Amino acid sequence: AVVSTQSTGIIADTDLMSRTKIERFEAEQGGSESVISAIPRAREVGQSYLTSVLTTLRSQLAAVPAVFRARPDVLLVNGPGTCIPVCALVLLLRIVGLARGRIVYVESVCRVTTLSLSGLILLVFADHLLVQWPQLAKRYSRATFIGRLVS
C-alpha cells in the first residue's frame, strides 16, 4: 500500500489565521508537502439564503482545481466558509469513482443545542458528523459525540 503524506488545505481567502496556523505547524514539524488553496467564502455569517446561492456557486467553481487535483480519500471539514462547496465536489468525485472521498464533518464547539446550517446539510451526506457536546449527539442520531477538541 502506498501512503501519501501530502495534505491539501482549502481555506477561505479571508482566513489569514488558519493559513498562519498551518504554516507554523508545518514549520514546527520540519516542513511537509502540504498545499494550501484559498477560495471565496460560500456564505458570510448573516448573509441571506437567496444571495448565498450565488456566492456558494462562485466558491464551488473556485474549489474545482484544488479538489480535482487532490482527489481525497478523506475530507476533514468544519465551518461554513468553504466546506459545503468542497464537500459537494468530493461527493461528485466519489459518485463517478474518481476518489474515495469519505467526508468527516466536525461541528463547531459553539453549537451546543442545534447544528449549524452546514451541519444540517452534511447530516445527510457526511460519512461521519462529529459533535463536541453530548446533547447534540442525543438530538441527532447520525452525530457522534467526541468531546471538546479545544479547551
Side-chain angles (χ1 to χ4, degrees), residues 4 6-27 32-133 135-137 139-150:
S4 171
Q6 182 178 21
S7 62
T8 300
I10 301 177
I11 61 173
D13 55 7
T14 56
D15 189 358
L16 299 178
M17 183 172 32
S18 291
R19 179 181 293 276
T20 302
K21 285 184 177 186
I22 292 167
E23 290 168 351
R24 186 178 306 134
F25 175 79
E26 289 178 349
S32 72
E33 301 176 30
S34 298
V35 176
I36 302 171
S37 298
I39 64 172
R41 291 183 71 82
R43 181 173 181 263
E44 297 291 341
V45 174
Q47 182 179 350
S48 77
Y49 294 129
L50 183 61
T51 61
S52 67
V53 171
L54 296 175
T55 54
T56 299
L57 288 173
R58 180 180 67 143
S59 181
Q60 192 159 27
L61 287 173
V64 167
V67 172
F68 274 69
R69 237 187 342 266
R71 295 185 185 188
D73 290 327
V74 177
L75 181 67
L76 177 63
V77 293
N78 72 319
T82 56
C83 83
I84 296 299
V86 172
C87 288
L89 289 169
V90 168
L91 190 59
L92 175 66
L93 287 177
R94 185 163 79 184
I95 289 169
V96 298
L98 294 176
R100 289 187 188 143
R102 300 294 173 222
I103 298 170
V104 179
Y105 177 76
V106 180
E107 183 61 273
S108 169
V109 69
C110 299
R111 302 308 296 213
V112 177
T113 58
T114 61
L115 293 175
S116 63
L117 179 59
S118 297
L120 289 171
I121 293 168
L122 291 174
L123 191 60
V124 177
F125 299 105
D127 296 285
H128 301 281
L129 192 136
L130 309 177
V131 296
Q132 300 182 55
W133 295 97
Q135 55 269 42
L136 284 174
R139 184 169 184 177
Y140 302 98
S141 62
R142 290 203 62 235
T144 302
F145 171 61
I146 57 168
R148 289 183 49 199
L149 296 177
V150 179

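Bear in mind the structure is a predicted one, so any value in this text is a computation, not a measurement.
- Rounding to the nearest 0.5 angstrom, the gap separating the CD1 atom in I146 from the CG atom in L136 is 11.0 Å.
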Check: I103 and L76: side chain to side chain contact (heavy atoms under 4.5 Å, CB included), yes or no, with the steps?
Finding: CA-CA 6 Å; I103 298 170; L76 177 63; over 6 Å; no

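- Nearest approach of I84 to L122, heavy atoms of both residues: CD1-CG, 3.8 Å.
- Contact check for I36 versus I11: side-chain heavy atoms found under the 4.5 Å cut-off.
- The two atoms that bring E107 and G119 nearest to each other are OE2-CA, 3.7 Å, heavy atoms only.
- The shortest distance between side-chain heavy atoms of C87 and I121 does not fall below 4.5 Å.
- Residues satisfying the side chain to side chain donor-acceptor pair (under 3.5 Å) test with S18, not counting sequence neighbours, are D15.
- Using modelled atom types, one side-chain atom of S59 and one backbone atom of P40 make a donor-acceptor pair closer than 3.5 Å.
- Although no hydrogens or angles enter the test, the distance criterion places no donor-acceptor pair under 3.5 Å between the side chain of D127 and the main chain of V104.
- The two residues A88 and Q60 come nearest to each other via the heavy atoms CB-NE2, 3.2 Å.
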Should V109 and L149 be marked as a side chain to side chain contact (heavy atoms under 4.5 Å, CB included) after you check the CA-CA gap, both sets of side-chain angles, and the distance that decides it? CA-CA 8 Å; V109 69; L149 296 177; over 6 Å; no

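- A donor-acceptor distance shorter than 3.5 angstrom exists from the side chain of T56 to the backbone of S52, with no hydrogens or angles considered.
- With contacts defined as side-chain heavy-atom distances shorter than 4.5 Å, the pair I10/V67 qualifies.
- Taking each heavy atom of A143 and V131 in turn, the nearest pair found is CB-CG1, 3.9 Å.
- Across W133 and F145, no two heavy atoms sit closer than the pair C-CD1, 3.4 Å.
- Y140 contributes atom OH, which lies 11.0 Å from atom CD of Q135 (distance to the nearest 0.5 angstrom).
- You'll find the side chain of R41 stays beyond 4.5 Å of the side chain of T82, heavy atoms only.
- In this structure, L120 and T114 have side chains that are not in contact, with every pair of non-hydrogen atoms separated by 4.5 Å or more.
- Taken from CG in L115 to CG in L117, the straight-line distance is 10.0 Å, to the nearest 0.5 Å.
- Judged by distance alone, the side chain of R43 and the main-chain N or O of Q47 form a donor-acceptor pair under 3.5 Å.
- No donor-acceptor distance shorter than 3.5 angstrom exists from the side chain of R148 to the backbone of Q132, with no hydrogens or angles considered.
- Atom CG of residue L130 and atom OG1 of residue T144 lie 6.0 Å apart, to the nearest 0.5 angstrom.
- Summarising the geometry, atom NZ belonging to K21 is positioned 12.5 Å from atom CG belonging to L16; distances are rounded to the nearest 0.5 Å.
- Residues F68 and L93 meet the side-chain proximity criterion, which asks for heavy atoms closer than 4.5 Å.
- By the side chain to side chain donor-acceptor pair (under 3.5 Å) test, D13 pairs with no residue at all, sequence neighbours left out.
- Side-chain N/O atoms of T51 and S48 include a donor and acceptor closer than 3.5 Å.
- Closest non-hydrogen pair, R94 versus R100, comes out as CD-O, 2.8 Å.
- Remark: T113 engages no residue in a side chain to side chain donor-acceptor pair (under 3.5 Å) (not counting sequence neighbours).
- Put simply, the side chain of R111 never gets that close to the backbone of S108: no donor and acceptor are under 3.5 Å apart.
- A donor-acceptor pair is defined here as one N or O able to donate and one able to accept, closer than 3.5 Å; no such pair exists between the side chain of T8 and the backbone of V35.
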